[in-house]
Participant: 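Dropping the structure in here first, questions after.
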Amino acid sequence: MVVSDEVFRWTVFGDNPFVPMGKFASIVPVVTLGSLSKGWNVPGWRTGWLALHDLDGVFRNTKILQAADDFLQINAKPPTVIQAAMHDILERTPKQFFDERGSFLKDKVDIGYSKAKDIPGLTCYMKPEACTFLWTKLDISCFADIEDDQDFCKKLATEENLVVLPGIAFRQKNWLRHSIDMETPTVEDAFERLKSFCERHSTGGGVSLKNVNGVN
C-alpha cells in the first residue's frame, strides 16, 4: 500500500510535471490525501479528502476501507457548506487559475531564494519547484547569541515582528521554514527584516537595533 500526500499538487511550477500516485494503482493500492488549502489558497477552510485507488479490492478485504470511514467520522461538525461546494470547485476551476497561481508562486520563490543568498548564517540549498515556502539551514556558529532555531524564531518575532517557523516543529533542528505565499512587497520586506536581524546577531555584529518601522 502507498499513502501519497498530494496537498501541494496544485502548486507545482517547475519544469518537472506532477504525477499522481493513483496512476500506479494497477501495481499497488494507493491512498491519496488531497486538500483545498494550498492549491486554492484557502487554508482556513480546513477541507480535504481521501481517495482510494484499489483496483483489486485489497482495502475492502482487509477492512482498511471501513477503518478510513470510521476515522472520517471523528469530527461531528464538518464544514458542510464547503463540502457541498466541493464538486463545483474541483470540476469548474479553470486551468488559467492554476497557471496564474503557479506563476505567482514561482515569482515569490525567485525573490526569496535570491534574497536568502545575502543573509549571513542562512543557506537555502535548493530552489523549490512547488510548495508555498522556502527552507533554510541555520548555521548557529555564525551568531553571537542564538542558541537554536527556536531561540532564533522567538527573538526574530520580538525584534522584527516577523514570524518564521522553526524546523524543530518538523523534527528538523536548526532549519527554518519561510512562507512566500504573499504579495511581492510583503515578501521583500520580510527578507529585509530577516537580513537585518541576522546581521545584528551575527558574530560580526555591530548593526544598530531598529524597530519594526525601521526607525532608530
Participant: May I ask you to decide whether Glu160 forms a salt bridge with Arg200, counting only side-chain N to carboxylate O separations under 4.0 Å?
Facilitator: yes
Participant: Tell me if the centroids of the rings in Trp40 and Phe98 come within less than 6.0 Å of each other.
Facilitator: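 For Trp40 and Phe98, the ring centres are under 6.0 Å apart.
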Participant: Do NZ/NE/NH1/NH2 and the carboxylate oxygens of Lys115 and Glu192 come within less than 4.0 Å?
Facilitator: yes
Participant: Got a second to check how far Gln150's CD is from Glu147's CD, nearest 0.5 Å?
Facilitator: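 That separation rounds to 10.0 Å.
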Participant: Under the side-chain contact (heavy atoms from CB on, under 4.5 Å) criterion, do Leu194 and Leu156 qualify, and how do the steps go?
Facilitator: CA-CA 8 Å; Leu194 185 62; Leu156 177 66; 3.9 Å; yes
Participant: Regarding Arg177 and Asp149, does a basic nitrogen lie under 4.0 Å from an acidic carboxylate oxygen?
Facilitator: no
Participant: Might you work through the side-chain contact (heavy atoms from CB on, under 4.5 Å) test for Ile146 and Phe197, ending with a clear yes or no?
Facilitator: CA-CA 11 Å; Ile146 300 294; Phe197 175 85; 4.1 Å; yes
Participant: Would you say Lys137 and Tyr125 make side-chain contact, with heavy atoms under 4.5 Å?
Facilitator: yes
Participant: Walk me through whether Ser179 and Asp181 qualify under side chain to side chain donor-acceptor pair (under 3.5 Å).
Facilitator: CA-CA 6 Å; Ser179 175; Asp181 194 1; over 6 Å; no
Participant: Do you know which two heavy atoms are closest between Val7 and Ser35, and how far apart they sit?
Facilitator: CG1-CB, 3.5 Å
Participant: In this structure, which one of Val30, Ile64, Val31 forms a side-chain contact (heavy atoms from CB on, under 4.5 Å) with Leu52?
Facilitator: Val31
Participant: Minimum heavy-atom separation for Pro29 to Asp54, with atom names?
Facilitator: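 Nearest pair, atom of Pro29 first, then Asp54: CB-OD1, 4.0 Å.
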Participant: For the aromatic rings, using the six-membered ring if either is Trp, is the centroid distance between Trp135 and Phe170 under 6.0 Å?
Facilitator: yes
Participant: Can you check side-chain contact (heavy atoms from CB on, under 4.5 Å) on Phe191 and Lys195, steps first, answer last?
Facilitator: CA-CA 6 Å; Phe191 277 91; Lys195 181 179 180 181; over 6 Å; no
Participant: Do the charged groups of Asp148 and Lys173 touch, with an N to O distance under 4.0 Å?
Facilitator: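 A salt bridge is present here (some side-chain N lies under 4.0 Å from a carboxylate O).
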Participant: Taking the six-membered ring where the residue is Trp, are the ring centres of Phe8 and Phe18 under 6.0 Å apart?
Facilitator: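 No: the rings miss the under 6.0 Å criterion.
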Participant: Ignoring hydrogens, what is the shortest heavy-atom contact between Ile180 and Leu134? Give both atom names and the distance.
Facilitator: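 The answer is CG2-CG, 4.1 Å.
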Participant: Please answer whether the main-chain N or O of Glu199 pairs with a side-chain N or O of Ser202 as donor and acceptor at a distance below 3.5 Å.
Facilitator: yes
Participant: Is Asp110 salt-bridged to Lys127, going by a charged N under 4.0 Å from an acidic O?
Facilitator: yes
